[in-house]
Amino acid sequence: MPKMKTHSGAKKRFSLTKTGKVKRAHAFKSHLLNGHGKTTKRKRGLRKGGYADVTNAATIREMIAYK
């Protein structure tokens, strides 16, 4: 059986913690950051990482199997 390939997009966006949770970054942090309805408080919150939802975690783990 051939090796599985790591999903190129997933390996850039997700990583695993030591306990096996899937870490991710928040979306909506790339542009329109001044004066377009995003408050300072909201932007500050987007800086922090988050964890992928448990319903998606198994799929993401498959995509980054060797990471």
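The analysis underlying the following values was restricted to heavy atoms, covering all of them including side chains, and did not include hydrogens, waters or symmetry mates. Starting from 1, each residue takes its place in the sequence as its number.
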Tell me the closest heavy-atom pair linking [X] and [Y], and the distance in Å.
| X | Y | result |
| --- | --- | --- |
| L33 | F28 | CD2-O, 4.4 Å |
| M63 | A10 | CB-CB, 3.9 Å |
| T6 | K11 | CG2-CB, 3.9 Å |
| H31 | K38 | O-NZ, 3.1 Å |
| R61 | L16 | CG-CD2, 3.8 Å |
| G37 | R42 | O-NH1, 3.9 Å |

Any donor-acceptor pair under 3.5 Å from H26 side chain to K48 backbone: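 Looks like yes, one N/O pair under 3.5 Å.
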Test item: Y51 and K23 side chains (from C-beta on) under 4.5 Å apart, heavy atoms: yes
R13, CZ: over 12 other non-hydrogen atoms inside 6.0 angstrom: no
Residues, nucleotides or ligands: over 12 heavy atoms within 6.0 Å of K21 NZ: no
Gap between atom OG of S15 and atom CD1 of I60 - 0.5 Å precision: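 Rounded to the nearest 0.5 Å, the CD1-OG separation comes to 10.5 Å.
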Inter-residue atom distance N56.CG - R24.CZ, 0.5 Å rounding: 9.5 Å
Hydrophobic cluster of Y66, others only, ordered by chain and residue number, side-chain cut-off 4.5 Å: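 Via sub-4.5 Å side-chain contacts, Y66 links to M4.
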